[in-house]
> 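Let me begin by handing over the structure; questions about it come next.
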Amino acid sequence: MTGSHRSPSSMLAWLLQALLLGGVIQAARIMGGHEAQPHSRPYMASLQLRTSSQSHFCGGTLIHPRFVLTAAHCLQDIPWQLVTVVLGAHDVLSPEPTQQKFIITQVFQNNYNPEENLNDILLVQLDRAASLGAEVAVAPLPQQDQPLSQGTRCRCLAMGWGRLGTRAPVPRVLQELNVTVVTFLCRVHNVCTLVPRRAAGICFESGDSGGPLICDGVLHGVDSFVIRECASLQYPDFFARVSMYVDWIHRVLRSTGDSQF
């Protein structure tokens, strides 16, 4: 998988549009959602800084016992050697018996372009295979270039441990939100979502970035960015389109000897 296939003129137009709208902001919190049923999203991963107290900063999705898919911008300025990946969590501030913790041994980018928010996707290799079960499981990937229906024909969930509002505290427990796939202002590299007639969606401070967009039980998006502000009711939320990278993901897995499990 390579970088952008958009023409320079169309990309320039999109960037000018983003600037006129107030710029792009990397996405990070769920607004207007609700608490997920504990451990009902067993593929959900928490990326945490290995400090004196564990600190969640981004989400991710387990797609293979040894690999988590997240956003490239999550580790753009943070050395991956300082990160712990936690699986099986519901309350990220509590040492739940279901939790499994890992260190990262390798990361794989795919021509990430931070200036244009393109290819905002990253594969993280864990130091060992996760123990799969009811609380920890892999999310199914789509087919390469699989289309995604817009509107209510597709049931989609965004989720994460990001803040619940601009001045709200960080939640202890996993939040989720039903969203609708839309195409306006979207690009081929993204899946875009909106919550109709309600101020709800992903936003910009640490927490939700890198988390999954699950549509009809399949991983279709990685939480990437918003334009101007969160939950504006005017502009969609942007996710990296996972179906564009499935062949690349399988190539990485084959290169590490982890293509089968």
> Begin from the C-alpha positions of L148 and V191 and carry the test side-chain contact (heavy atoms from CB on, under 4.5 Å) through to its verdict.
CA-CA 8 Å; L148 186 61; V191 174; 3.7 Å; yes
> For a 4.5 angstrom cut-off between non-hydrogen side-chain atoms, does R41 reach L157?
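Yes, at least one pair of side-chain atoms sits under 4.5 Å.
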> Would you say T61 and T70 make side-chain contact, with heavy atoms under 4.5 Å?
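The answer is no, as the side chains (C-beta and beyond) never meet within the 4.5 Å cut-off.
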> Is L126 reachable from I78 through a run of I, L, V, M, F, W or Y residues, each pair having side-chain heavy atoms under 4.5 Å apart?
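Same cluster: I78 reaches L126 through Ile, Leu, Val, Met, Phe, Trp or Tyr contacts under 4.5 Å.
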> With rounding to the nearest 0.5 angstrom, report the CD1 to CZ distance, I249 to F108.
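Nearest 0.5 Å value for the CD1-CZ distance: 12.0 Å.
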> Does any N or O in the side chain of R155 come within less than 3.5 Å of the main-chain N or O of T180, such that one atom is a donor and the other an acceptor?
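Here the side-chain-to-backbone pair does not exist.
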> Report yes if some heavy atom in the side chain of L174 is under 4.5 Å from a heavy atom in the side chain of W161; otherwise report no.
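Counting from C-beta outward, L174 and W161 do come under 4.5 Å.
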> Roughly how far apart are E115 CD and N117 CG, rounded to 0.5 Å?
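If we round to the nearest 0.5 Å, E115:CD and N117:CG are 9.0 Å apart.
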> Look at the side-chain heavy atoms of Ile, Leu, Val, Met, Phe, Trp and Tyr, link any pair under 4.5 Å apart, and say whether I104 and L47 land in one connected group.
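Both belong to a single hydrophobic cluster.
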> With side chains defined as the heavy atoms from C-beta onward, is the minimum distance between R66 and T105 less than 4.5 Å?
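Yes, side chains in contact.
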> I'd like to check L118 versus Y112 (side-chain heavy atoms, cut-off strictly below 4.5 Å). Are they in contact?
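When only atoms from C-beta onward are counted, Y112 and L118 do not touch, as no gap falls below 4.5 Å.
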> Hey, are the side chains of I63 and V138 touching, using non-hydrogen atoms and a 4.5 Å cut-off?
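No. Closest side-chain heavy atoms not under 4.5 Å.
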> Under 4.5 Å between side-chain heavy atoms, hopping through other hydrophobics if needed: is there a path connecting Y43 to V252?
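Result: yes, single cluster for both.
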> Roughly how far, to the nearest 0.5 Å, is CG of L62 from CG of L219?
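So the gap between those two atoms works out to 10.5 Å.
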> Ignoring hydrogens and angles, tell me if any N or O in the side chain of Q144 forms a donor-acceptor pair with the backbone of V246 under 3.5 Å.
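Judged by distance alone, yes, a pair lies under 3.5 Å.
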> Between S46 and Q48, is there a side-chain donor-acceptor contact under 3.5 Å, judged purely by atom types and distance?
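A donor-acceptor contact under 3.5 Å links the two side chains.
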> Decide side-chain contact (heavy atoms from CB on, under 4.5 Å) for H220 and V181; before the verdict, give the C-alpha distance in whole Å, the side-chain angles of both, and the deciding distance to 0.1 Å.
CA-CA 11 Å; H220 275 277; V181 174; over 6 Å; no
> Are Q99 and H90 close enough that a side-chain donor and a side-chain acceptor fall under 3.5 Å?
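Their side chains do not contain a donor-acceptor pair, so the 3.5 Å distance test is not met.
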> For H34 and E176, which I'm curious about, is there any donor-acceptor pair between the side chains at under 3.5 Å?
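Checked: H34/E176 side chains pair up, N/O donor to acceptor below 3.5 Å.
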> Using a cut-off of 6.0 Å, state whether more than 12 heavy atoms not belonging to Q143 lie near its atom CD.
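At most 12 heavy atoms, drawn from other residues, nucleotides or ligands, come within 6.0 Å of this atom.
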> Of all residues at least two apart in sequence or in a different chain, which pass the salt bridge (charged side-chain N to carboxylate O under 4.0 Å, His left out) check with D91?
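Checked D91 against salt bridge (charged side-chain N to carboxylate O under 4.0 Å, His left out); matches are R172.
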> Quick one: are N178 and V195 in side-chain contact, heavy atoms under 4.5 Å?
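Side-chain contact under 4.5 Å: no.
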> Return the minimal non-hydrogen interatomic distance between S40 and A36, and the atom names on each side.
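Scanning both residues, the minimum pair turns out to be OG-CB, 4.2 Å.
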> Does Q125 form a side-chain contact (heavy atoms from CB on, under 4.5 Å) with V107? I'd like the steps, not just the answer.
CA-CA 6 Å; Q125 186 176 22; V107 297; over 6 Å; no
> Taking all non-hydrogen atoms of both residues, which atom of V136 and which atom of S131 are closest, and how far apart?
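The pair with the smallest heavy-atom distance is CB-O, 3.7 Å.
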> Spell out, as yes or no, whether a donor-acceptor pair under 3.5 Å connects the side chain of T98 to the backbone of G88.
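A pair under 3.5 Å: yes.
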> So does M244 get a backbone contact from the side chain of D145, meaning a donor-acceptor N/O pair under 3.5 Å?
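Checked: no pair found.
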> Rounded to the nearest 0.5 Å, how far does CD1 of I214 lie from CE of M159?
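Reported to 0.5 Å precision, the distance equals 5.0 Å.
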> For the CG atom of D223 and the CG atom of D120, what is their distance to the nearest 0.5 Å?
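Rounded to the nearest 0.5 Å, the CG-CG separation comes to 9.0 Å.
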> So N190 and R241, do their side chains get closer than 4.5 Å, heavy atoms only?
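In short, these two side chains do not touch, never coming nearer than 4.5 Å.
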> Give me the atom names and distance for the closest heavy-atom approach of L141 to V218.
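In this case the closest contact between L141 and V218 is C-CG1, 3.7 Å.
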> Could you check whether the rings of Y245 and H189 sit parallel, tilted or perpendicular, using 30° and 60° as the cut-offs?
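Tilted, since the angle between the ring planes falls between 30° and 60°.
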> Heavy atoms only: give me the nearest C192-P236 pair and the separation to one decimal.
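Closest heavy-atom pair between C192 and P236: CB-CB, 3.8 Å.
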> Could you walk me through whether T193 and L213 pass side-chain contact (heavy atoms from CB on, under 4.5 Å), step by step?
CA-CA 9 Å; T193 67; L213 177 70; 3.8 Å; yes
> Could you pull out the closest heavy-atom pair between P212 and M44, with the gap in Å?
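Distance-wise, the nearest heavy atoms are CD-SD, 3.4 Å.
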> Could you state the interatomic distance from CD (E116) to CZ (R187), rounded to the nearest 0.5 Å?
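Output value for this atom pair is 7.5 Å.
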> Minimum heavy-atom separation for G221 and V242, please, with both atom names.
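Minimum heavy-atom separation between G221 and V242: N-CG2, 3.6 Å.
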